Structure formats: structure tokens, C-alpha cells
Amino acid sequence: MDHRVSRERETGDLRRRLRGVKELDDWWQHRGRYFLEEICLSSDSALAECSAYLRSTNLSNRIVRVPGFERLVHVGSLNATLRWLSWTSQWSDVRRKLRHESGVRLADRPPGVLDGDWLDRQLDAVAKGLGARGEDAIRRVAGFLADASGESEPPWWACFSDEIRGVLSSGTAAGLCIALGLGHRRPGEWLMAWEYQVEHVEPIFRPTVLEANDSAYHHPSPPGYTFGITMPLRPGARACREVLHRPLRGDQAAELCTGRLLQVEDFAIPDDTKALAALRSSMRGIFCENLLGPVRSPGSGAMAFSHDETQASCPSRPL
Amino acid sequence: MRHKHPALHALSDSLAAVVAAQDEKRLRELLQGRALPALGGGLPASEIIRQALYQATKAHSLARGLAALLARIVCAEAQTLRKKRSALGADRRRLLLDSLRLAAELPAQADLSHALRDFLSAVQHLAATERFQLCAGPHCLPLWEALSYQQTDSSLEAAWLDLLQGSPEGEEWTPGRRTLLLIAWRGLLWIPPPEPNPARGEVVSFDRVETGLLALAAAVRGHEEAGDLLREALEILRDTFPRSAEFWEENLRPRIGSWPEDLREKALEVWPGLHSHNASAHGSGGDAMNDLGQRLTQEQEFVASLRPETTVAALNAALNAAVDRSAPVLSGSALATSTCPLSSTVRPSRSSRTSSSRHQGS
């Protein structure tokens, strides 16, 4: 498994879901099921049926030394969110809200029409309509979609805003994808971003492969390292620390959205086995650069790395 | 698809091999999340398969082949469900949900359509809690969505109208209910015309459209979202059958006068050309009123000329005709006795030929 998954978690809810695994395909099937049935649950830790990342078996991944005023950024895909919502009971209300805010109606795919990009093309028009109406309209939609996503939304992934400030203000979505390792986003998709303080979403957690589901673009952070770490999509690009937390909801989700929609430009995504393998091996160099080099603490400098973290699994000289 | 993905391309080749070998077991495994590429983003199996389908060079024939195999899977699951009548495991629920989502993406085929209707009848025998778990909510939305896209005949007409009307006790007004209403409305509109295609190009059944619209208007009346839902329904109607504004105005003009005000208002928003007629129909002493008065007089004279026993016989005949017209109604006992025709082979489908010619003409 992953060194970040505790023994208690392995022998607890995970073993329960992985019972019956005999071969590799069983593993993938059961892992997917674990994600859907143990991670895609409420992020309200007061509930018995809360998401597995909030349970006591994952306490070892809770991050406690980050001040509440530290700022985080979460990037979500409008396209992915709406495709997901199109399978839910909320779909009629979502369409109505989008129409009110953007002035554009989402038309149904007619029967018999095979068109893989139907919804994406409709969303282009909606996104442009929202853009024309301004940031407040985008924020209202962001808040509405966050609420509509409901209790089965998995935790949000976020990085520290200081570490991507330049990319965030540059207004290029491809830059965000590269920095944050969003290799599963596709050119043409529309991204939304939220920027907020840690205290809005506490507690925050170090991610594991279980929350990453089956993403080939997630790389475990090394033992002893407090945070997750992004796998940038370009060799030599700077990695960011990343964390997990509950999704924003209600007015907060609207107010803390940046109010901008960015369309992912056409850029080369490392999506074949060879490119991915190269990217993954380059992570070792990134660990060394980030953990042994002169690392700038995010934000005010209040966060520092412990001796343990700086010694984490790197050779004495960079590869 | 906008973006070609090597992993999806490989999966699309696998799907073609699955279809060529008629390998139902392998498709079942894929739908359960086995042997799928690691794309990230928490995508369900059906979505990964959908994306791979569109990477294929011959997406249409691959989709038809997948629909035939999927029909067998849905059929087998319906039979299991009927026999078991107990809680389904998580793997099976996931398989079914992904099968339904995939079915909604594929072109309509009679075998898959029949299998889904069989599944619907099996689901209706489940206890409410079981049904809730299996169908991802109280309304079985994924199943109705799949059925709306997989229609090859008019057998679901009564079911769509039932959904639009709701129960006599009324339905809880929830987002799920609103979504279901629009699915039912689309389902009603997407009923293919009878075979052979009507020679006079009567693809749009205005009687059916009007019945559905009136039911929908009654279902939404008094709710905050009513106006938006009615307008959306009329725009779905307009999108479903691409016709000129004059076509709609000409065909709706004789009907709109008897519609409730909320529905009429929305129709006037969508087809402003209906305005002039509407004003005269409701003005005092207009031609339309005179025409209506004349028709009423003629009907009263006709009724007065009938002897009592003739009237009863005429009514019975009309009722029988109505029952005959809706013979393949899929509700209640008709659903309960429905069985899946698929055993070990998939028959070439007659309706699959007609599905490609749907909504043409006129």
C-alpha cells in the first residue's frame, strides 16, 4: 500500500473492502469500490458514516502545525462537476441555475446522436455566458454547484496559494494544470478556483493513494514528510505541497471563489506510459530539490520543516 | 472527442475485441471497474467506457455492438433481481448503475430497450429501501434516463404520462421530482413514430404533446420553479423536432386557447407568433368565439339526436378504442408479467433499423 496509510486503516475499513482480492484486477475493482463507498461520503466528522480520511484510523495524516491564516487554493473543473451532477437528482435545478446566471440554456443530447463532446460544447457557451455576466455570476454558480454536489463529494485537494501565486495570477489554465499535476484535466475544460484560509476548512490532512483513487498523476510524498506533494507535469517545474480537507459549502463556497473561469489551453499532457514513467522518476529529483534545498515556507514563514522531513529518503547529493 | 488519449485508445480497441467476440463476461468486468485505465479524477467505469467509445474510428458500429451485449447483461440482472428479491451487494449495484448510465449513451436498440423495461418491472417488485439503494435514490433516475434514450416503440407512453401526473396523493416537491418530470417529458417526446413512417410526415403527435404538457403544467402548478420548468419543457419540444416557428404556431394555435394560463403564457414566450391569435381568441366577440359557439351548438344537436342506449354504446366503443391504442402499457400487471426475450443469443433487431430514421420527415 502506501506508507501514509496506517496499519489501523489497513486492517480496518480497507481490509473489509478488499476482502476477496485474489488477482490484480480484483485489486482495481475493490479499490474503486473503496473510493466510492468509503471516501465519497460526508466530510462531517460528527457523523458515524463520514469519509474515511476523517476517521480515527487516519489521524496520523492530520496536519496540525499550519496556522489558520495560511492560504490555500483549490482548483476544480466545471466540466467534470457538471458531468457528475448530470447523473444526480439535482440536474434539473442545476440547469435552471446555469440558465439564470449565464443566459444560456443547456440543451439535451437528442436520442440516437453519438456525440462524445455534446455536454462540453454546451458548457463552452455557458462558460462564455457566465464570463460575460461577470465575477459575481461565476461566484454564485460556484456556490450553487458546491452545494449541489452533496454529501458524496470526495474531499477537496488544495495547495498553498503562495506556491502557485505566479501561475494563478497569470491566468493560464494549462500553467495551473502543470504546476498542480492535473494530468486528468483535458484541453477545452473550464477550471474554477477557490482561495481561502486554512481556518475555513480545518482540519486538513496529508493525502494518500486511497483518496487519489487510481490517479496516475498522484505520487506519494516521502516518509516523514508532513504534506502531500504535487507531481508537476513538466520536468523541472516546481512542486507544491498539497493537503486534503472538506469541500466548501454555501455562502463560503461562493464568496471564496476567485470569480474567474479559465479554459485549459491545448498543451502536451504526459499521458502515455513512457512519458508518465519519466515524470514519476523525475519526482525523486523534485523531492530532493524541495526537501533538501532552500525551501521557502508557504505564507508568512510560520511553517517550517522538521529535521525528519529534511532527511526524508533523499540521497546525500541530488541525482 | 476533443482530446485523444492513448490509454483510452487502447481501451477502445479492447471494447472492439469484446464486441467481436460477443464477450459479455468481459464487458461485465469492465463495468465493474476491472482492467480500466487509471485516468484519475474518480471517474465511474461507464464514463471511462463512454470516453473510449468516442475514440473508436467506427464509434457507431462499436456502440451498436455494445448495446447488444449490454442488453444481455441487463436482462440477466433483471432475472437475478426477480429471483433474489433481496439486498444486492455493492459490486452488483455498481455494475447496474454503470450499465444504466452506459445504456443512456448508446443508440436505441430493441433488445436493450426490452431488457431495460424488464429490469424496470423487476425493480418495481423491490421494497422501497432496496429500490432506493439500487437506483441511487427514490426516483430511479438512471433507469428512467436510460429508458428515455432507449425507446424503439411507444410502449412506455403510459409510463411517461404516469410519471408526469404523479400519484393522486401528490408527490414531494424535491430536486429529484423536478429532474424526473423533465426526464419523463423527454421520454414522452422521444417516442419514435409508428412503423412504417407516416407517409404524411406526421412525426410529431400533437395529441400526445398536449396531453403531456397539460399533465406537466398541473404537476408544477403552485411551485416557485413552475414557470422555468414549463418554459424548459416547451424548449425541449422545440429542440426535439427541428421545425420552423410557423410550424409550431400553426399546429399549436388551435389548441392553445384551451390551455391553462400559465402554460399559455410560456408558449407565447417561446413562439411569440402565437400572440395575435391568442388575443383574438380571448377578445370579446371575436371570430374565434363565434366559431366556438357554432361548434358547441352542433355538438349539442348531435348529442340530443342520440338515443340513451346509443350514447352508452358510443362511449363504450370510444373507451375500448382508447384501451386498444394503449395496449402495450407498461405499468401494473403488464409490467409484472413482462419477461426478457434474450436467452443466449441476441437477435437482429428490427427496430434498430427504425431508430436511425427517427425524427426524420416532415
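Note that the structure is a prediction, hence the values are computed from the model and not measured. Computed over heavy atoms, backbone and side chain alike; hydrogens, waters and symmetry mates excluded.
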Toward chain A, the part of [X] with a non-hydrogen atom under 4.5 Å:
{"X": "H60(B)", "result": "both"}
{"X": "P138(B)", "result": "neither"}
{"X": "R177(B)", "result": "neither"}
{"X": "A90(B)", "result": "both"}
{"X": "Q150(B)", "result": "neither"}
{"X": "R178(B)", "result": "both"}
{"X": "E225(B)", "result": "both"}
{"X": "E145(B)", "result": "neither"}

So [Y] and [X], do their side chains get closer than 4.5 Å, heavy atoms only?
{"X": "D108(A)", "Y": "I236(B)", "answer": "yes"}
{"X": "R93(B)", "Y": "E37(A)", "answer": "yes"}
{"X": "W87(A)", "Y": "P44(B)", "answer": "yes"}
{"X": "H5(B)", "Y": "D271(A)", "answer": "yes"}
{"X": "P110(A)", "Y": "T240(B)", "answer": "no"}

Let me know if [X] has heavy atoms under 4.5 Å from chain B in its side chain, its backbone, both or neither.
{"X": "L36(A)", "value": "side chain"}
{"X": "N213(A)", "value": "side chain"}
{"X": "E23(A)", "value": "side chain"}
{"X": "Q90(A)", "value": "both"}
{"X": "R33(A)", "value": "both"}
{"X": "A80(A)", "value": "neither"}
{"X": "S77(A)", "value": "neither"}

So the salt bridge (charged side-chain N to carboxylate O under 4.0 Å, His left out) pairs with at least one residue in residues 77-88 of chain A (sequence neighbours excluded) are R83(A)-E47(B)
With sequence neighbours excluded, residues passing ring-ring contact (aromatic ring centres under 6.0 Å, His included) with W27(A):
none
Contacts of type ring-ring contact (aromatic ring centres under 6.0 Å, His included), residue W156(A), not counting sequence neighbours
H74(A), W194(A)
Is the shortest distance from a Lys or Arg side-chain nitrogen in E232(B) or R95(A) to a carboxylate oxygen in the other one below 4.0 Å?
yes
Would the distance check show the side chain of [X] and the main-chain N or O of [Y] forming a donor-acceptor pair, the cut-off being under 3.5 Å?
{"X": "R96(A)", "Y": "L229(B)", "answer": "no"}
{"X": "T179(B)", "Y": "S92(A)", "answer": "yes"}
{"X": "Y54(B)", "Y": "L114(A)", "answer": "no"}

Rounded to the nearest 0.5 Å, what separation is found between the CZ atom of R34(B) and the NE2 atom of H30(A)?
8.0 Å
Picking from L180(B), T174(B), L141(B), what satisfies side chain to side chain contact (heavy atoms under 4.5 Å, CB included) with S89(A)?
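The passing option is L141(B).
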What residues of residues 98-106 of chain A make heavy-atom contacts with chain B at a cutoff under 4.5 angstrom?
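Within residues 98-106 of chain A, the residues under 4.5 Å from chain B are R99(A), H100(A), R105(A), L106(A).
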Most contact-rich option vs chain A, by heavy-atom pairs under 4.5 angstrom, among L36(B), D91(B), L43(B), is D91(B)
